[in-house]
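Everything numeric in this text was worked out from a predicted model, so none of it was measured.
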Amino acid sequence: QVQLEESGGGLVQAGGSLRLSCAASGRTFSSYAMGWFRQAPGKEREFVGAISRSGTVRYYADSVKGRFTIARDNAKNTVYLQMNSLKPEDTAVYYCAANTVAPAQAMGVGTSSIDYWGKGTLVTVSL
(Lines give C-alpha, C1' and ligand atoms only; values in the text may rest on other atoms or scores of the structure.)
Protein backbone atom coordinates (compact mmCIF):
# COMPACT_ATOMS: atom_id res chain seq x y z
CA GLN A 1 0.00 0.00 0.00
CA VAL A 2 1.26 3.44 -0.97
CA GLN A 3 0.13 6.60 0.73
CA LEU A 4 0.47 9.95 -1.01
CA GLU A 5 0.14 13.28 0.77
CA GLU A 6 0.04 16.58 -1.07
CA SER A 7 0.95 19.96 0.37
CA GLY A 8 1.66 23.49 -0.80
CA GLY A 9 -1.71 24.57 -2.09
CA GLY A 10 -3.22 27.93 -1.29
CA LEU A 11 -4.43 31.25 -2.60
CA VAL A 12 -2.27 33.16 -5.08
CA GLN A 13 -2.82 36.07 -7.42
CA ALA A 14 -2.76 35.61 -11.17
CA GLY A 15 0.80 35.66 -12.44
CA GLY A 16 2.13 34.25 -9.20
CA SER A 17 3.78 30.95 -8.37
CA LEU A 18 3.25 27.98 -6.09
CA ARG A 19 5.13 24.76 -5.52
CA LEU A 20 3.20 21.65 -4.65
CA SER A 21 4.82 18.69 -2.96
CA CYS A 22 3.68 15.08 -2.70
CA ALA A 23 5.31 12.83 -0.14
CA ALA A 24 5.00 9.09 -0.64
CA SER A 25 5.23 6.33 1.90
CA GLY A 26 7.12 3.12 1.31
CA ARG A 27 10.62 2.18 0.32
CA THR A 28 10.07 1.71 -3.41
CA PHE A 29 9.24 5.25 -4.48
CA SER A 30 11.79 5.13 -7.27
CA SER A 31 9.83 2.27 -8.85
CA TYR A 32 6.68 4.39 -9.28
CA ALA A 33 5.88 6.66 -12.18
CA MET A 34 4.43 9.81 -10.63
CA GLY A 35 2.06 12.43 -11.84
CA TRP A 36 -0.24 15.32 -11.08
CA PHE A 37 -3.88 15.74 -12.00
CA ARG A 38 -6.37 18.47 -11.20
CA GLN A 39 -10.10 18.82 -10.90
CA ALA A 40 -11.92 22.12 -11.09
CA PRO A 41 -15.47 22.52 -9.73
CA GLY A 42 -17.97 20.89 -12.03
CA LYS A 43 -15.30 19.43 -14.29
CA GLU A 44 -13.67 16.07 -14.76
CA ARG A 45 -10.27 15.28 -13.36
CA GLU A 46 -7.60 16.11 -15.92
CA PHE A 47 -3.96 15.30 -16.47
CA VAL A 48 -1.39 17.97 -15.62
CA GLY A 49 2.01 16.31 -15.80
CA ALA A 50 3.92 13.08 -15.23
CA ILE A 51 7.49 12.04 -14.60
CA SER A 52 9.28 8.77 -15.23
CA ARG A 53 10.72 6.61 -12.50
CA SER A 54 14.23 7.93 -13.06
CA GLY A 55 13.05 11.52 -13.41
CA THR A 56 14.57 11.89 -16.86
CA VAL A 57 11.36 11.99 -18.90
CA ARG A 58 8.48 14.39 -18.31
CA TYR A 59 5.08 14.84 -19.90
CA TYR A 60 2.75 17.85 -19.67
CA ALA A 61 -0.73 18.83 -20.66
CA ASP A 62 -0.72 21.49 -23.35
CA SER A 63 -2.53 23.88 -21.02
CA VAL A 64 0.42 24.00 -18.58
CA LYS A 65 3.38 23.43 -20.89
CA GLY A 66 6.01 26.12 -20.37
CA ARG A 67 4.50 27.24 -17.06
CA PHE A 68 4.57 24.12 -14.86
CA THR A 69 7.51 21.86 -14.09
CA ILE A 70 7.34 18.43 -12.52
CA ALA A 71 10.33 17.05 -10.65
CA ARG A 72 11.10 14.28 -8.18
CA ASP A 73 13.61 13.51 -5.47
CA ASN A 74 13.80 9.76 -5.03
CA ALA A 75 15.97 10.13 -1.92
CA LYS A 76 13.16 12.09 -0.26
CA ASN A 77 10.25 10.06 -1.69
CA THR A 78 8.79 13.30 -2.99
CA VAL A 79 7.45 14.64 -6.26
CA TYR A 80 7.01 18.34 -6.91
CA LEU A 81 4.96 20.55 -9.17
CA GLN A 82 6.36 24.03 -9.68
CA MET A 83 3.61 26.27 -11.04
CA ASN A 84 4.51 29.65 -12.50
CA SER A 85 2.50 32.31 -14.31
CA LEU A 86 -0.65 31.02 -12.70
CA LYS A 87 -4.01 31.84 -14.24
CA PRO A 88 -7.50 31.83 -12.72
CA GLU A 89 -8.30 28.79 -14.88
CA ASP A 90 -5.62 26.86 -12.97
CA THR A 91 -7.88 26.95 -9.93
CA ALA A 92 -8.57 23.35 -8.92
CA VAL A 93 -7.87 20.63 -6.45
CA TYR A 94 -4.52 19.12 -7.41
CA TYR A 95 -3.98 15.40 -6.91
CA CYS A 96 -0.78 13.40 -6.79
CA ALA A 97 -0.88 10.01 -8.51
CA ALA A 98 1.33 6.92 -8.74
CA ASN A 99 1.65 4.11 -11.26
CA THR A 100 3.32 1.01 -9.94
CA VAL A 101 3.40 -0.82 -13.28
CA ALA A 102 2.39 1.41 -16.19
CA PRO A 103 4.81 4.00 -17.59
CA ALA A 104 4.49 7.71 -16.84
CA GLN A 105 3.27 8.30 -20.37
CA ALA A 106 0.11 6.33 -19.60
CA MET A 107 -1.05 9.06 -17.23
CA GLY A 108 -1.42 11.41 -20.16
CA VAL A 109 -3.98 9.10 -21.72
CA GLY A 110 -6.32 8.82 -18.75
CA THR A 111 -6.73 7.76 -15.16
CA SER A 112 -7.22 4.03 -15.69
CA SER A 113 -3.53 3.29 -15.11
CA ILE A 114 -3.39 5.06 -11.75
CA ASP A 115 -2.85 2.74 -8.80
CA TYR A 116 -2.77 5.30 -5.98
CA TRP A 117 -4.13 8.80 -5.40
CA GLY A 118 -3.48 11.45 -2.83
CA LYS A 119 -6.35 13.32 -1.18
CA GLY A 120 -5.58 16.54 -3.01
CA THR A 121 -4.63 20.10 -2.23
CA LEU A 122 -6.61 23.17 -3.26
CA VAL A 123 -5.05 25.84 -5.45
CA THR A 124 -7.00 29.05 -5.92
CA VAL A 125 -5.81 31.71 -8.35
CA SER A 126 -7.45 35.11 -8.03
CA LEU A 127 -7.53 37.98 -10.49
_How long is the straight-line distance from OG of S21 back to CZ of R72, given to the nearest 0.5 Å?_
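Here the rounded value is 13.5 Å.
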
*How far does CG of N77 sit from OG of S25, to the nearest 0.5 angstrom?*
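That separation rounds to 8.0 Å.
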
*Would you find more than 12 non-hydrogen atoms of other residues, nucleotides or ligands less than 6.0 Å from Q3 atom CD?*
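No, not enclosed.
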
*Has E89 got more than 12 heavy atoms of other residues, nucleotides or ligands less than 6.0 Å from its CD?*
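Count over threshold, so yes.
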
*Check salt bridge (charged side-chain N to carboxylate O under 4.0 Å, His left out) between K65 and all other residues, then give those that pass, not counting sequence neighbours.*
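K65 satisfies salt bridge (charged side-chain N to carboxylate O under 4.0 Å, His left out) with D62 once adjacent residues are dropped.
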
*Excluding sequence neighbours, so at least two apart, what forms salt bridge (charged side-chain N to carboxylate O under 4.0 Å, His left out) with R38?*
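So R38 forms a salt bridge (charged side-chain N to carboxylate O under 4.0 Å, His left out) with E46, D90.
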
*side-chain hydrogen bond (donor to acceptor under 3.5 Å, both in side chains) against T56, all qualifying residues, sequence neighbours excluded*: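 For T56, the residues satisfying side-chain hydrogen bond (donor to acceptor under 3.5 Å, both in side chains) (neighbours in sequence not counted) are S54.
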
*Among all residues two or more places apart in sequence or in another chain, which pass the side-chain hydrogen bond (donor to acceptor under 3.5 Å, both in side chains) test with S113?*
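In terms of side-chain hydrogen bond (donor to acceptor under 3.5 Å, both in side chains), with neighbours along the sequence ignored, S113 is linked to N99.
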
*Who pairs with F37 by ring-ring contact (aromatic ring centres under 6.0 Å, His included), at least two apart in sequence or on another chain?*
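Residues passing ring-ring contact (aromatic ring centres under 6.0 Å, His included) with F37: F47, W117.
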
*Report yes if some heavy atom in the side chain of V48 is under 4.5 Å from a heavy atom in the side chain of L81; otherwise report no.*
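SC-SC contact between V48 and L81 confirmed.
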
*asked:* Contact between W36 and I70 at the side-chain level, heavy atoms closer than 4.5 Å - yes or no?
replied: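 Heavy-atom side-chain distance check passes, below 4.5 Å.
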
Test side-chain contact (heavy atoms from CB on, under 4.5 Å) applied to [X] - qualifying residues, sequence neighbours left out:
| X | result |
| --- | --- |
| A24 | L4, F29 |
| T100 | Y32, D115, Y116 |
| S126 | L11, Q13 |
| V123 | L18, L20, M83, Y94, V125 |

*If you look only at pairs with a residue in residues 49-121, which of them pass as a disulfide (SG to SG under 2.5 Å), with sequence neighbours excluded?*
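Found C22-C96.
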
*asked:* Please list all pairs meeting ring pair (Phe, Tyr, Trp, His ring centres under 6.0 Å) that have one or both residues in residues 50-73, counting only residues at least two apart or in different chains.
replied: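 Not a single pair qualifies under ring pair (Phe, Tyr, Trp, His ring centres under 6.0 Å).
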
_So does S31 get a backbone contact from the side chain of R53, meaning a donor-acceptor N/O pair under 3.5 Å?_
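Checking the backbone N and O of S31 against the side chain of R53, a donor-acceptor pair under 3.5 Å is found.
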
*Any donor-acceptor N/O pair, T91 side chain to T124 backbone, under 3.5 Å*: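 No; zero donor-acceptor contacts below 3.5 Å.
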
*Residue pairs fulfilling salt bridge (Lys or Arg N to Asp or Glu O under 4.0 Å) with at least one residue in residues 3-24, sequence neighbours excluded*: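 Not a single pair qualifies under salt bridge (Lys or Arg N to Asp or Glu O under 4.0 Å).
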
